[in-house]
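Structure first, then comments.
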Amino acid sequence: MQSRFKQAALFSVKLLLSIAVLVYIARGLDLQRLRSHLVSVDPLLFVLALALIFFQTFVLNGRWELIMRALGVSLDWLAGWRILMISLWFNQVLPSSVGGDAVRMWLLRQRGVQWPEAVKGVAADRFTALIGLIALMVAGLPFLLSRVSDQAAILAIGGLTLAGVAGTVVLLTLDRLPKRLTAHPAIASFVRFGALVRFLLLQSERRALLFGSALLIHLVTAAACFALARGVGAQLSVVDAGILIPPVVLLTAVPISISGWGVFARGRWSPASVWRVSLPRRRCRFRCCWAPSA
């Protein structure tokens, strides 16, 4: 009973935070003008963006299939894609993207996959995507410094990138720590998980394909956002989209709101919030991103 109360309270806090931030943003919006811009999107570029996102689900499923095979789990491609699409839907309506991941694990279990393999497969897929995201953020830092003058934004994105790099290195090298530390039950599971991810990315036969797909997925997200930006007449370059989208995608994974809504929309911690983009007859701040999975 107490556990259910805590879960309900946590969900309520996330919901209220999301609503509060979205209301704060909406106060300064001209809804009539916003509607006019939405209906003025170039239909061809809108369809292109949808096609890119749809293509992205195939790459996502392919990456996940490689990871499951490395774990000794044989999963039919179409069945895996169906599970993935269901989990992506839940990602949009449940607290953070963890809800969709839980659904993916549960659907795997329904197909006879044991819980340990289901959990490790989904977690390794998520972490592989995170590593690709961090790699893009590291590569984009020099371009960020040359395009953004807001020191707070630079420090925030730089700090986020540094924390991601440090966390990745720590997790992948946990088994190098003294045995008396790694033997602790609370650390042992992280040690095993780190060893699994390191094997997938550094030692498995498909390591190049795994890492390449992790990069490609985020680049496709940036390309879809670029298409939508140009579809509304925003003068956003390909390079700009590649720099500003990865930090925003990372923010959607912050588990303090409903699927990142509110936190993502506010976007104060990403260069998107300080990027002035030209639109016909006005200046505005452009924010665009929808990522089916991290």
Side-chain angles (χ1 to χ4, degrees), residues 50-92 96-109 111 113-114 116-139 164-165 167-168 171-172 192-225 242 245-246 248-250 252-253 259-260 289-294:
L50 289 181
L52 287 170
I53 293 299
F54 189 66
F55 164 73
Q56 188 184 52
T57 64
F58 296 147
V59 183
L60 280 165
N61 191 50
R63 183 187 68 196
W64 188 36
E65 287 282 322
L66 290 174
I67 292 173
M68 296 306 295
R69 287 179 188 173
L71 293 172
V73 176
S74 178
L75 185 64
D76 179 70
W77 193 93
L78 187 59
W81 186 76
R82 178 175 174 271
I83 291 173
L84 178 69
M85 294 300 289
I86 294 172
S87 72
L88 294 180
W89 184 86
F90 278 98
N91 276 351
Q92 304 305 308
S96 80
S97 56
V98 177
D101 290 342
V103 170
R104 213 174 357 157
M105 296 173 195
W106 182 78
L107 290 174
L108 280 175
R109 186 68 188 94
R111 297 189 63 85
V113 179
Q114 297 300 310
E117 282 72 26
V119 173
K120 285 189 290 186
V122 173
D125 180 54
R126 275 289 180 182
F127 198 77
T128 302
L130 180 62
I131 290 177
L133 194 61
I134 293 170
L136 289 176
M137 290 173 67
V138 170
V165 172
T168 300
L171 181 65
L172 297 183
R192 292 192 293 270
F193 179 69
L196 169 63
V197 175
R198 190 175 66 233
F199 167 76
L200 290 172
L201 294 177
L202 300 180
Q203 299 172 341
S204 69
E205 294 180 357
R206 303 295 182 88
R207 57 186 180 274
L209 196 56
L210 273 174
F211 187 68
S213 65
L215 296 175
L216 177 61
I217 286 167
H218 299 305
L219 291 175
V220 170
T221 300
C225 292
I245 295 305
V248 178
V249 173
L250 187 58
T252 64
S259 296
C289 179
W290 181 82
S293 183

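- Looking only at distances, no side-chain donor or acceptor of D101 sits under 3.5 Å from a matching main-chain atom of A123.
- The two residues G80 and L75 have their closest heavy-atom pair at CA-CD2, 3.8 Å.
- Under a cut-off of 6.0 angstrom, the local environment of CZ in R111 is sparse, with at most 12 non-hydrogen atoms contributed by other residues, nucleotides or ligands.
- Summarising the geometry, atom CG belonging to D125 is positioned 8.0 Å from atom CG belonging to L84; distances are rounded to the nearest 0.5 Å.
- Rounding to the nearest 0.5 Å gives a distance of 5.5 Å between CG of L172 and CD1 of I131.
- Partner of R63 under the side chain to side chain contact (heavy atoms under 4.5 Å, CB included) criterion, out of L66, N61, L60: L60 alone.
- The nearest pair of heavy atoms linking A214 to A129 is CB-CA, 4.4 Å.
- When side chains are defined from C-beta on, I67 does not count as touching V122, because their heavy atoms never get closer than 4.5 Å.
- Between D76 atom CG and I83 atom CD1 the span is 9.5 Å, to the nearest 0.5 Å.
- The aromatic rings of W77 and F58 sit tilted, their planes meeting at an angle between 30° and 60°.
- Nearest heavy-atom pair across Q56 and I217 is NE2-O, 2.5 Å.
- With H218 contributing its side chain and I134 its backbone, the two residues share no donor-acceptor pair below 3.5 Å.
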Does the pair T221 and V249 meet the rule for a side-chain contact (heavy atoms from CB on, under 4.5 Å), with working shown? CA-CA 9 Å; T221 300; V249 173; 4.2 Å; yes

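- Taking CZ from F211 and CG from L216, the interatomic distance works out to 12.0 Å, rounded to the nearest 0.5 Å.
- R198 CZ: more than 12 foreign heavy atoms inside a 6.0 Å radius.
- L136 contributes atom CG, which lies 11.5 Å from atom CD1 of I245 (distance to the nearest 0.5 angstrom).
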List the steps, then state whether side-chain contact (heavy atoms from CB on, under 4.5 Å) holds for V197 with T168. CA-CA 10 Å; V197 175; T168 300; over 6 Å; no

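- Remark: side-chain polar atoms of R207 are paired, donor with acceptor, to backbone N or O of S204 under 3.5 angstrom.
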Please step through side-chain contact (heavy atoms from CB on, under 4.5 Å) for the pair V73 and L108, ending with a clear verdict. CA-CA 10 Å; V73 176; L108 280 175; 5.7 Å; no

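- Summarising the local packing, CD of E205 is surrounded by 12 or fewer heavy atoms from other residues, nucleotides or ligands at distances under 6.0 Å.
- Here the straight-line distance linking atom CG of L210 with atom CG of L215 works out to 11.0 Å at 0.5 Å rounding.
- Between M137 and P246, the closest heavy-atom pair is CG-CB, 3.8 Å.
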